[in-house]
Amino acid sequence: MIDINYELYKVFYHVASTLNFSEASKQLFISQSAVSQSIKTLERKLDQVLFIRSTKKVQLTPEGEILMRHIEPAMNLIRKGEAQLLEAATTGGQIRIGASDTICRYFLIPYLKRFHKSFPNAHIKVINQTSVKCAELLKNGLVDLIIVNYPNNYLGNTVSVVKIKRFQDRFIAGDAFDELRGRKLTFRQLIRYPILMLDKNSTTNEFLHQLFQQHQLDLVPEIELTSNDLLIDLARIGLGIAFVPDYCISDNTEGIYVLDTKEELPQRELVLAYNEHLPLSRAAQEFLSYFKPEAQSAD
């Protein structure tokens, strides 16, 4: 492979585009003699004559035309990349966020609205996956940051974590289980009823199984799904007792109620995580700033 400086190809492109050494020197802000010397150096390195020079005009040789067919699209790609970088500097660029459907719907939307208002031209890409899958996306560099449930055993050592919200999981039931209303149930009593919960690819599933195992109980759910909203709907129509985060339950949610348990349900947290060893775009840095302690206290 021939080692040729990019600047020589840049000079060649401008001469080939204008077919005029003087015009090329103006575009490149260098002397005409420097342009001529660069072309001679390139021809010597390639061992090819690239231009036919005369007193009246400059023409590409067949070899020069072949080279131009490759150099022109390469220069266009470089210009496009430079333009995108300049655009990113003014608009904020692109931000890639990983989060579950539930976190997007019940927590993330106001922050996305705020970000879009501040950076209307920035590109926002949200990838909906479970907290487990989001950790994998972050590890593979497919997203800039993720918002996930915590504890999360799938977050690696290179990940920085910003804690942003505490929440409590709840067992909920519909009118079909009205006899349980007002009672305090033990976990042992609960597992006699059909349990509805998120599937095995979620930190919530792992959390609840571990919680029951701590009480020497084997949890066998009736239904496992990927959507908390659907779990609530199924609890409402009486298919079982659902296990969902409290921020999914609003005061005006009709047809369901929260069950009391004798054993305490530990609190969990929503966290924002990002790879501390990878540079963040301006857009990602701005979004991250919304969740710093001083920003949260100001909201």
Side-chain angles (χ1 to χ4, degrees), residues 1-98 112 115-127 136-146 158 274-289:
M1 182 176 178
I2 306 172
D3 182 19
I4 297 178
N5 192 302
Y6 160 74
E7 289 298 323
L8 295 180
Y9 284 127
K10 185 177 178 181
V11 172
F12 167 79
Y13 170 77
H14 282 273
V15 175
S17 298
T18 61
L19 294 178
N20 188 303
F21 279 70
S22 176
E23 182 61 28
S25 70
K26 292 177 183 178
Q27 293 179 1
L28 291 165
F29 300 100
I30 59 176
S31 66
Q32 186 170 336
S33 61
V35 172
S36 298
Q37 187 60 43
S38 294
I39 294 300
K40 289 179 181 178
T41 300
L42 181 61
E43 289 179 325
R44 185 177 70 253
K45 284 180 174 287
L46 292 174
D47 194 24
Q48 298 286 344
V49 176
L50 302 174
F51 293 98
I52 300 172
R53 305 164 180 83
S54 68
T55 55
K56 293 184 178 181
K57 62 181 178 178
V58 176
Q59 287 180 287
L60 282 165
T61 64
E63 293 78 14
E65 290 177 352
I66 292 173
L67 184 60
M68 183 58 171
R69 284 201 295 269
H70 293 277
I71 294 298
E72 187 171 26
M75 292 296 297
N76 289 336
L77 283 174
I78 291 171
R79 286 175 172 174
K80 184 178 180 181
E82 290 174 342
Q84 288 180 349
L85 287 176
L86 290 172
E87 180 187 9
T90 55
T91 66
Q94 175 179 268
I95 181 171
R96 303 168 300 166
I97 303 170
L112 292 175
F115 177 81
H116 180 63
K117 186 176 181 180
S118 299
F119 295 89
N121 296 318
H123 302 291
I124 303 173
K125 183 177 182 180
V126 179
I127 301 177
E136 186 177 330
L137 290 173
L138 184 63
K139 179 181 177 182
N140 294 329
L142 299 177
V143 291
D144 301 305
L145 49 87
I146 58 176
T158 60
Y274 61 97
N275 191 327
E276 59 189 13
H277 296 305
L278 295 178
L280 291 175
S281 67
R282 182 187 171 201
Q285 291 176 12
E286 175 68 19
F287 194 79
L288 176 61
S289 72

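FYI, the numbering just counts along the sequence from 1.
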Considering all heavy atoms, the nearest Thr61-Ile52 contact | CG2-CG1, 3.6 Å

Might you point out which heavy atoms bring Ser22 and Ser25 nearest each other, and give the distance in Å?
-> O-OG, 2.6 Å

More than 12 heavy atoms from other groups under 6.0 Å of CG on Asp47 | no

Rounded to the nearest 0.5 angstrom, the CD-CD distance for Glu43 and Glu63 is 10.0 Å

Walk me through it: do Lys10 and Leu28 pass the test side-chain contact (heavy atoms from CB on, under 4.5 Å)?
-> CA-CA 9 Å; Lys10 185 177 178 181; Leu28 291 165; 4.0 Å; yes

Step-by-step side-chain contact (heavy atoms from CB on, under 4.5 Å) determination, Phe115 to Ile95 | CA-CA 10 Å; Phe115 177 81; Ile95 181 171; 3.9 Å; yes

Given side-chain contact (heavy atoms from CB on, under 4.5 Å), test Arg53 with Ile39 step by step and report yes or no.
-> CA-CA 11 Å; Arg53 305 164 180 83; Ile39 294 300; 3.0 Å; yes

Check: Ser17 side chain, His14 main-chain N or O, donor-acceptor pair, under 3.5 Å | no

Counting N and O atoms only, with roles assigned by atom type, does the side chain of Asn5 sit under 3.5 Å from a partner on the main chain of Glu7, one being a donor and the other an acceptor?
-> yes

Identify the two heavy atoms, one from Met68 and one from Leu60, that lie closest to each other, and give their separation to 0.1 Å.
-> CB-CD1, 4.4 Å

First locate atom CD of Gln27, then atom CG of Asn20, and finally report the distance between them rounded to the nearest 0.5 Å.
-> 9.0 Å

How far apart are the closest heavy atoms of Gly64 and Phe12, and which atoms are they?
-> O-CZ, 3.5 Å

dist His123:NE2 -> Arg96:CZ (nearest 0.5 Å) comes out at 13.0 Å

To the nearest 0.5 Å, what is the distance between CG (Leu137) and CD1 (Ile97)?
-> 12.5 Å

Could you tell me whether the side chain of Leu112 reaches within less than 4.5 Å of the side chain of Phe287, counting heavy atoms only?
-> yes

First locate atom NZ of Lys139, then atom CD1 of Ile146, and finally report the distance between them rounded to the nearest 0.5 Å.
-> 12.5 Å

Output the distance between atom CZ (Arg44) and atom NZ (Lys40), rounded to the nearest 0.5 Å.
-> 10.5 Å

Which pair of heavy atoms, one from Asp144 and one from Ala284, lies closest together, and at what distance?
-> CB-CB, 4.2 Å

Quick one: are Val15 and Leu50 in side-chain contact, heavy atoms under 4.5 Å?
-> no

Identify the heavy atoms of Leu280 and Gln285 that sit nearest to each other, and give their distance.
-> O-NE2, 3.0 Å

